Protein chains: 4
Amino acid sequence: MEGEERMQGSRDAEEFGPVFTLTAGPSGSTQTTSLAMGQAVAYDYDPSFLALYRDVVGYLGEAFGSAEPPVILHGEAVLGLEAAAASLISDTDVVLNLVSGVYGKGFGFWARRYAAEVVELEVPFDSAVDAEEVGALLAQRPDITIVAGVHCETPSGTINDLGAIGPIVHNHGALFLVDAVSSFGGMPTDFLAWQVDMAVVGPQKCLGGPPGLSLVYVTEAAWDHMAANTAAPRSSILSILDWRDAHLVDRRFPFTPSVSEIYALEAILRQYLNEGPSRVHARHRQAARATRAGVQALGFELWAKTPAICSDTVTALKIPKGVDEAALRERVRRESGVMLSGGQGELIGKVLRIGHMGPAAYPMAPVLSVTGLGRALRSFGHSVDIGGAVEAVIGELDKE
Amino acid sequence: MEGEERMQGSRDAEEFGPVFTLTAGPSGSTQTTSLAMGQAVAYDYDPSFLALYRDVVGYLGEAFGSAEPPVILHGEAVLGLEAAAASLISDTDVVLNLVSGVYGKGFGFWARRYAAEVVELEVPFDSAVDAEEVGALLAQRPDITIVAGVHCETPSGTINDLGAIGPIVHNHGALFLVDAVSSFGGMPTDFLAWQVDMAVVGPQKCLGGPPGLSLVYVTEAAWDHMAANTAAPRSSILSILDWRDAHLVDRRFPFTPSVSEIYALEAILRQYLNEGPSRVHARHRQAARATRAGVQALGFELWAKTPAICSDTVTALKIPKGVDEAALRERVRRESGVMLSGGQGELIGKVLRIGHMGPAAYPMAPVLSVTGLGRALRSFGHSVDIGGAVEAVIGELDKE
Amino acid sequence: MEGEERMQGSRDAEEFGPVFTLTAGPSGSTQTTSLAMGQAVAYDYDPSFLALYRDVVGYLGEAFGSAEPPVILHGEAVLGLEAAAASLISDTDVVLNLVSGVYGKGFGFWARRYAAEVVELEVPFDSAVDAEEVGALLAQRPDITIVAGVHCETPSGTINDLGAIGPIVHNHGALFLVDAVSSFGGMPTDFLAWQVDMAVVGPQKCLGGPPGLSLVYVTEAAWDHMAANTAAPRSSILSILDWRDAHLVDRRFPFTPSVSEIYALEAILRQYLNEGPSRVHARHRQAARATRAGVQALGFELWAKTPAICSDTVTALKIPKGVDEAALRERVRRESGVMLSGGQGELIGKVLRIGHMGPAAYPMAPVLSVTGLGRALRSFGHSVDIGGAVEAVIGELDKE
Amino acid sequence: MEGEERMQGSRDAEEFGPVFTLTAGPSGSTQTTSLAMGQAVAYDYDPSFLALYRDVVGYLGEAFGSAEPPVILHGEAVLGLEAAAASLISDTDVVLNLVSGVYGKGFGFWARRYAAEVVELEVPFDSAVDAEEVGALLAQRPDITIVAGVHCETPSGTINDLGAIGPIVHNHGALFLVDAVSSFGGMPTDFLAWQVDMAVVGPQKCLGGPPGLSLVYVTEAAWDHMAANTAAPRSSILSILDWRDAHLVDRRFPFTPSVSEIYALEAILRQYLNEGPSRVHARHRQAARATRAGVQALGFELWAKTPAICSDTVTALKIPKGVDEAALRERVRRESGVMLSGGQGELIGKVLRIGHMGPAAYPMAPVLSVTGLGRALRSFGHSVDIGGAVEAVIGELDKE
C-alpha cells in the first residue's frame with residue numbers, strides 16, 4: 001500500500017469556528033508563540049540553537065528574578081515535580097507536605113518514595129493551608145528538613161499564602177520546595193522574598209506555551225542538598241543534577257533537549273518580559289474577578305470556601321446536584337466553541353473549571369465562558385439569567 | 001524594568017543562508033512538519049486533540065506494522081529506553097545485553113539497576129554482534145529472560161543484524177528488547193518478522209520530527225511481563241503501563257501530553273506513510289552509498305570495520321591524526337552552512353558523523369556534506385580532491 | 001549603520017489579547033489559511049507551483065459552479081472590477097449601471113471611461129434595486145448591451161436580488177456583469193441560474209483569505225465580447241484576456257503571479273468546499289440574524305430600510321446623533337479587542353458595520369460584537385442594556 | 001457534494017526533498033519571511049496593521065536611502081512599471097528609452113501608449129548601454145524630457161551603468177526613470193548619487209519576498225511631473241498619485257492593501273537592514289563570481305558579451321546547439337531538486353539562467369546549481385567535468 005494517501009483536513013470539515021481555550025491548561029498560545037514553533041527543527045548542537053538555549057536560560061532567570069541560572073527539564077511539569085522529589089529528598093529527610101488539594105496530595109506519594117518520613121498537614125480541598133499551623137507543626141517536629149507546598153492548587157482554583165509560609169520554613173532551617181506550576185506568570189511569585197529554595201513551573205499555564213518542559217528554580221542551598229543526596233538520580237530523565245549548567249558553552253546536553261519546545265519557551269518568556277510582569281498579573285486579576293462575578297450571577301457557587309483564597313489563574317465552580325458536568329462542558333464546547341476544564345482526581349464531576357491564564361487572560365474571555373456556560377445550562381432546561389451574568393462580568397471589567 | 005524590549009532577530013543578523021542539517025539527529029524537518037508545529041496549542045482534552053491523538057496512534061501502529069496499539073511516551077527517546085528498562089526488567093530477570101557501541105553499552109547501566117544479573121556480549125565499537133555468538137551464549141545461559149539489542153548504533157554508524165538475532169532469542173524463550181531509534185523509518189525494521197517484543201523509536205531521526213517523544217512498540221508478551229513486574233514504575237514519567245491505551249475514548253492521560261510534539265508526529269507519520277516506506281528506505285540507501293563514496297574519495301576511512309555493517313542512516317568517519325574534529329566541524333558549519341555531528345561517548349574526537357536520515361536523505365545532501373568537508377580540510381592546509389569526491393558522490397547517485 | 005538592529009516585537013508589548021476581526025473585510029483567516037501562507041515562496045514555474053495553480057483554478061471553478069475555467073487576477077478585488085470594466089465595455093456599448101450603494105456608484109465612474117453611454121438606475125443607499133424597474137428601463141432602452149449590478153453593497157449591508165434581475169437582463173440580450181465581492185461564499189450566488197455573464201469575487205471577504213487577488217467568473221459570451229473589444233487591455237495589469245487559460249500546461253504567466261496569495265487561495269477554497277457551501281451559508285445566516293437582533297436590542301437602527309434586503313455577510317447600523325462613530329469604534333477595539341468597520345464613501349460617520357463573514361461567521365461572534373459595542377457606548381455615557389442585547393443574540397442563535 | 005474531502009498532501013507524495021530555488025525570481029524566502037506571512041490576516045484599518053504599514057514605509061525609505069516616503073503599489077513589479085509609465089509620461093513628453101534587453105524593450109511599448117514620442121537607443125541584448133552614446137543622443141534631442149533605463153536586465157543577466165548615465169540625464173534636465181527590480185538589494189543602487197527621479201523595485205528578487213507588490217522610489221521632481229500630468233491615472237490600480245502618503249495617520253487606503261504581502265515586506269526589509277546592505281551585496285558578488293566560474297568550467301559560455309557587465313544577481317548562459325533548454329532544466333529539477341530559470345521573450349530556448357539573489361545568494365548555492373546542471377548534461381549524454389566545475393566554484397568562494 002505504498003504511497004496511499006492519508007487525508008488531512010478531515011477535522012477541518014467537522015467543525016468550524018475558533019475554539020476559545022479557557023481551561024486549566026494548556027491554555028492556548030499566542031500567534032507569536034505558535035509561529036515560533038513553526039521554525040525548522042535545528043540540530044541541538046547547532047551554534048544557533050546553542051545560542052538560543054543560553055538566551056532562554058537567561059530570560060528564565062530574569063523571569064524568576066534569580067541570579068542563579070535555572071534548569072530546564074525536558075518533560076511536562078510533572079517531570080519537574082517528580083524529579084524534584086527524587087533529587088532533593090533522601091532517606092535522611094523528614095518532609096512536611098502541605099496538602100490543600102489534589103496536587104499537594106499527589107506530591108506526598110512521590111515524597112514517600114524517597115523520604116525517611118512524610119508528615120502531612122492537610123486541610124479540606126476548598127481551603128488553604130494556614131501559616132501559623134505550619135509554624136506550630138514545625139515547632140513540634142524540629143527534625144523536618146524539607147517542606148513542600150503548592151502555590152496554586154489548579155484543581156481547586158485556590159491559593160496558599162506561600163509568602164507567609166516561606167519565612168517560617170526558612171527560620172526553621174528546612175528547605176522549601178514549591179509547586180508554582182499554575183500560578184507563575186499569572187500572579188506575583190517572589191521566590192526570593194518568600195525564601196523558596198526550589199520551585200517547579202510549567203510553560204503551558206500562565207506563560208501560554210506548549211506542555212513539554214519543566215522550568216526549575218534552584219538555589220545554592222537546594223543544589224547542595226541534591227549533591228549530598230547519593231541516591232539522587234543520575235543518567236536518568238529524573239536527574240536534575242545532570243542538567244545543571246547544561247547551557248554553558250562547551251557543556252554537553254545529557255540527552256537531546258526538546259528543540260521546538262525551547263523555541264516556544266524563548267517566545268513566551270520574551271513576550272512575558274516585554275509585556276512586563278505587573279501588567280501581566282493585572283490582566284489575570286481582572287479576568288479572574290470578572291469570571292467569578294459572572295459565574296456567581298449565573299447561579300454557581302465557587303468551590304473555594306472564601307474569596308480570599310481564589311486564584312487569579314483558574315476558577316473552580318461547584319456543580320449543582322442533577323447537573324452532569326461532563327455533558328455540560330461538552331455542550332459548551334459544541335454549541336459555543338468554548339473549551340473549559342472538568343475536575344481532577346477526587347473532584348471529577350464535582351467541579352468545573354474556567355481558566356483565565358496566559359493567553360486566556362483577556363477582557364472578553366469571561367464574557368465567552370459565562371455566555372457559553374449559560375447557553376448550555378439553558379439547553380439542558382435550567383433557567384439562567386445570561387444577560388445578568390454578562391452584566392456582572394462587564395461590571396467587574398469596567399472597574400479598572 | 002517593566003516593558004523593556006528584548007530583541008528578536010539578533011541571530012538573524014549574525015549569519016545568513018540556509019543551514020543544511022546533515023547530522024545524526026535531530027535531522028531537521030520538512031516544511032510540512034514545521035508548519036504542523038505552528039498550530040495553536042490545544043487543550044489536551046479538546047475533542048479535536050483527542051481525535052488527533054487517536055489518529056496518531058493508528059498511524060504509528062501502521063508504521064510499526066502492528067495490530068497492537070503502540071505507546072507514546074512524552075519525553076525524548078532516552079526516556080523510552082530508560083522506561084523500557086525500568087518497566088520490563090525486574091529483579092527476577094537475567095538480561096543479555098548486546099553491546100557494539102555507545103548506546104548498547106549505556107543500556108547496560110540501566111539494565112543493571114533493575115535486573116538480577118546482566119550478562120554482556122560486547123564486540124569492538126566498529127563491529128557488529130554476531131547472531132551465532134548470541135545463540136551460543138544463550139545456550140550456555142538458559143536463565144536469560146530478556147535480550148537487549150541496538151539496531152543502529154548511531155555513534156558508530158553501524159547496524160546489528162537483528163533479523164538474524166531475533167528468532168534465536170525467541171526460540172530461547174526470552175523477550176527481545178530493541179533500540180531502533182536511529183534506524184526506524186530509514187531502513188527496513190520488520191519487528192514482527194524479527195520477533196521483537198518491544199522496541200523504542202524516536203521521531204527526530206529518520207522520521208524528521210522534533211525530539212520530545214518516545215514511540216514504543218509493545219507486544220502482548222511484553223505487556224504481560226511488565227504487568228507482572230511489581231516494581232514497574234507507576235505514577236511516574238518512567239511508567240509505560242500508565243500510558244497503555246491512553247488514546248482510547250473516555251480514558252484520561254496520566255499527565256499532560258506534549259501537544260505540539262503530537263502535531264508534529266501526526267505530520268511526519270502521514271508523510272512517511274504517504275511517501276511509502278520502501279521509497280523512503282531507497283532514498284536513505286542512495287544517500288548513504290553516495291556519502292560513503294564521497295568521503296572515501298576525500299581520503300577518509302569509514303569507522304565501520306566492514307561495509308556490510310554500515311548504516312543507511314548515518315556514516316561515521318575516522319578522524320585522521322592531527323585533525324581537530326571539533327574545529328573541522330565548526331569550520332564546515334561556518335564556511336558552508338553544513339552542520340555535521342561529532343563523536344559521542346568514547347568516540348568523541350575520533351569520529352565525525354554525517355547524517356543522511358529523514359529530511360536529510362536527498363540526492364544533493366552528500367554533495368553538500370562532501371564539499372563542505374573538503375573545503376574545511378583545505379582551509380586547514382590539507383590537500384584534498386574535492387572535485388574527485390563530488391564525482392564519486394555523483395557516480396553513486398547516478399547508479400540508480 | 002551596517003547591522004544595526006530593528007526591533008521586532010514592539011507591537012507585542014503595546015497590547016495583549018486576541019483581536020476579534022468582525023469587519024467588512026479583510027475578515028481574518030483561519031489557522032489553516034495562515035499556515036498555508038507560511039510556506040516558502042516558490043518559483044512560479046516550479047512544477048509543484050504549476051500543479052498547485054491548476055488545482056486552484058479547478059477548485060475555483062467548482063466553487064463557482066462553472067465548467068468554464070475561471071480567471072485569477074493578481075491584485076485586490078478592485079482590480080477585477082476595474083479590469084472587467086476596461087475589458088468588457090467598449091465605446092460601442094451602452095451600459096445600464098444599477099446603483100444602490102457606494103460600490104455601484106463607483107462602478108459608474110469606470111463604466112463611463114469606456115462606454116458609449118452609461119445609463120444609471122439609482123435608488124437610495126439604504127434600498128435595493130427593483131427587478132421590475134430594471135425590466136421597464138431595459139424596455140425603454142433596447143440599445144443597452146451591458147448591465148452592471150452589485151450583489152452585496154458592503155457599505156450598506158444590503159443585497160440586490162440578482163436572481164430576479166439576471167433573467168430579465170438575459171432576455172433583453174445584454175450581458176450581466178456582477179460584483180459579488182462581499183457575498184460570494186457567504187450566501188448563495190448561483191451565477192448559472194441567475195444568468196450572470198461575468199462576476200468578480202475577492203478572497204478576503206466570505207472566503208477568509210488575504211486581500212491580493214481578484215477571482216473572475218467568465219462565460220463564453222463574456223469572453224467573446226472582450227475578444228471583440230479592440231480596446232480591451234493587453235500587456236497590462238488590467239488585462240483579463242492575457243490571463244485566459246494561464247493555468248494550462250505549457251502556457252506562460254503574463255507576469256509573475258502572487259505565489260503566496262495562491263497558497264492561501266488553495267487553502268480557503270479547499271476549506272470552503274470541504275465544509276460545504278450550504279453549511280457555510282447557514283452559519284453566515286445565523287450570525288447575521290443574531291447580530292441584527294443584538295444591535296437592535298442595544299438600541300441601534302439598521303441602516304437597511306427593510307429586513308428583507310439585509311445581507312447575511314455584513315450589518316450596517318445607523319449611528320445616532322451625537323455619537324462619534326470613529327471614537328466609538330476605536331473604543332471597542334481598545335477596550336474589548338473587537339475590530340469593527342466604519343462607513344465608506346458618503347456613509348463615513350453615518351454607519352458602523354459589523355462583519356460576520358468567512359472566519360467571523362461563528363456563533364459567539366455576535367456576542368463579542370454586541371458586548372464590545374455596548375461597553376463602549378456605556379463608557380461614553382450612553383445607557384444601554386448589554387445583558388438584554390446578549391440575550392437577544394442568544395435567542396437567535398438558539399433558534400437553530 | 002457537500003462536505004466531500006479535497007485531499008491535501010497529494011503533492012507531498014510525488015516528490016521528496018528540499019527544492020533549491022536558484023532562479024531569476026521569485027527567489028525563495030527565508031524561514032523568517034515565510035513565518036511572517038503565516039500571521040493571521042488583519043483588517044487593513046486595524047491599528048496594529050496601520051502601525052505596521054507606517055513602519056514598513058519607514059524601513060523602505062531607509063533601504064532606498066531616501067528622506068522622501070516611498071510608495072507601495074499592491075501588485076507585482078510589472079504593475080509598478082506600467083503605473084510609472086502611465087503616471088509619469090504624458091503626451092507632452094518625449095521619452096528616451098534605453099534598451100539592452102527584454103525588459104527595456106518591453107517598457108517602450110508602455111511608453112508609446114502615453115508619450116508624444118519615444119526615441120529608443122537599443123544595443124544587442126548581450127551588451128550594455130553606453131553612457132557616452134546617451135549623452136550624444138540627448139545632445140541631439142534637447143526635447144527629451146524623460147529617460148527610462150533598466151539597471152539589471154534579468155533575462156540577459158546584464159547590468160547597465162546607471163551611475164554613469166544618471167548625471168548625464170540630470171544635466172540634460174530630463175527625469176530619469178529606472179527599473180531596478182532585479183538589482184535592488186543585491187547590488188549597490190545609489191538612487192541619490194545616480195540622480196534617479198523614480199525607480200521601481202520588487203520584493204521577490206534580491207530581497208527574498210513574495211511577488212505581489214511594487215516598491216516605488218519617487219523624488220519631489222517626479223511627484224511634480226505626475227501631478228502636472230492630467231492624464232495620470234486616478235481611481236485606478238495604475239494610480240501612483242492615489243497612494244502618495246497613504247501610510248499617514250488619518251489617511252485612507254485607496255483600496256485594500258495586500259495585508260500579508262506587507263507582513264512579508266516588513267520581514268524582508270528588517271532582515272536586509274539588519275544584515276547590512278554592504279554585507280548583503282558582498283554575498284551576492286561572491287555567489288555570482290562562483291557561479292560564473294563554475295558554469296564556464298562546465299563548458300558553458302556566458303550570454304553577456306563581457307564580464308564587466310555581468311550582474312551579481314543572475315547569470316545567463318548560452319545554450320549550446322543541440323541542447324534542449326527546457327528539457328535540461330526539467331532534468332536538473334527532477335534529478336537534483338534544483339530549480340533554474342529559462343529564457344524570457346526572444347531569449348527563450350537560447351539562454352538558461354541561474355539566480356543567486358536574495359535567499360539564494362549563499363556560498364553553497366553555486367555548488368548546487370553547477371552540480372545539478374552537470375548531472376543533467378551528463379544524463380543527456382554530454383561529457384562534462386563536474387568535479388572540475390565544483391573546484392572552480394570553490395576556487396572563487398575561497399578567494400574571499
Side-chain angles (χ1 to χ4, degrees), chain C residues 2-6 8 11 15 19 21 23 25-26 28-29 33-35 37-48 51-52 59 74-79 82 109 204 209-212 235-238 255-261 264 270 273-279 333 339 341-342, chain D residues 2-6 8 11 15 19 21 23 25-26 28-29 33-35 37-48 51-52 59 74-79 82 109 204 208-212 235-238 255-261 264 270 273-279 333 339 341:
Chain C
E2 293 278 299
E4 187 200 352
E5 291 297 322
R6 268 100 204 131
Q8 195 186 42
R11 284 164 295 132
E15 64 173 352
V19 175
T21 298
T23 70
S29 51
T33 306
S34 297
L35 292 175
M37 295 209 80
Q39 297 173 89
V41 176
Y43 181 53
D44 53 338
Y45 291 105
D46 192 280
S48 72
L52 177 72
Y59 292 169
H74 295 268
E76 198 264 345
V78 300
L79 167 59
E82 185 183 1
F109 296 108
Q204 79 273 29
S235 300
S236 169
I237 188 141
L238 286 168
F255 57 82
T256 310
S258 294
V259 170
S260 298
E261 306 287 337
R270 197 159 31 78
L273 294 169
N274 281 347
E275 187 180 353
S278 70
R279 277 198 278 173
R333 173 67 174 78
M339 188 72 223
S341 289
Chain D
E2 293 279 298
E4 189 202 353
E5 291 296 324
R6 270 100 204 131
Q8 195 185 40
R11 283 164 296 131
E15 62 172 354
V19 175
T21 297
T23 70
S29 50
T33 306
S34 298
L35 291 175
M37 295 210 81
Q39 296 173 88
V41 176
Y43 181 54
D44 52 337
Y45 290 105
D46 193 279
S48 71
L52 177 72
Y59 292 168
H74 295 268
E76 198 264 345
V78 298
L79 166 61
E82 185 183 0
F109 295 108
Q204 79 271 30
S235 299
S236 168
I237 189 141
L238 287 170
F255 57 82
T256 310
S258 294
V259 170
S260 299
E261 307 288 337
R270 196 161 30 79
L273 294 168
N274 280 347
E275 187 179 354
S278 71
R279 276 198 278 172
R333 173 67 174 78
M339 188 73 223
S341 288

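All figures in this text were calculated on a predicted structure; none of them were measured in a lab. Here is how names work: the chains are called A, B, and so on, in the same order as the sequence lines, proteins then strands, and each is numbered from 1. These numbers come from the heavy atoms of this one structure, side chains and all, not from hydrogens, waters or symmetry mates.
For a residue to count as touching a neighbouring chain, one of its non-hydrogen atoms must lie under 4.5 Å from one of that chain's; by this rule T33(C) does not touch chain D. With a 4.5 angstrom heavy-atom cutoff, A40(D) touches chain C via backbone and side-chain atoms both. For V259(D), the parts lying near chain C are the backbone and the side chain together; criterion is any non-hydrogen pair under 4.5 Å. For chain C, the nearby parts of S235(D) are the backbone and the side chain; heavy atoms of each come within less than 4.5 Å.
There is a side-chain donor-acceptor pair under 3.5 Å between S341(D) and Y43(C). Of the N and O atoms on the side chains of E261(D) and S260(C), not one donor lies less than 3.5 Å from an acceptor on the other residue.
For the atom pair OG1 of T256(C) and CD of E76(D), the computed distance is 4.0 Å after rounding to the nearest 0.5 Å. Atoms CG and CG, from L79(C) and L238(D) in turn, are 9.0 Å apart once rounded to the nearest 0.5 Å. Interatomic distance, L35(C) CG to M37(D) CE, rounded to the nearest 0.5 Å: 13.0 Å. Expressed to the nearest 0.5 Å, how far CE of M339(C) lies from CG of D44(D) amounts to 9.0 Å.
Closest approach of G209(C) and V41(D) over heavy atoms only: O-CG1, 4.1 Å. Looking at every heavy atom in both residues, G212(C) comes nearest to S258(D) through CA-OG, 3.6 Å. Considering every non-hydrogen atom in both A42(D) and P26(C), the closest pair reads O-CB, 3.7 Å.
For D46(C), the salt bridge (charged side-chain N to carboxylate O under 4.0 Å, His left out) partners at least two apart in sequence or on another chain are R333(D).
The most heavy-atom pairs under 4.5 Å with chain C, out of G208(D), P47(D), G75(D), come from P47(D).
By the 4.5 Å heavy-atom criterion applied to side chains, E82(C) and S236(D) are counted as neighbours.
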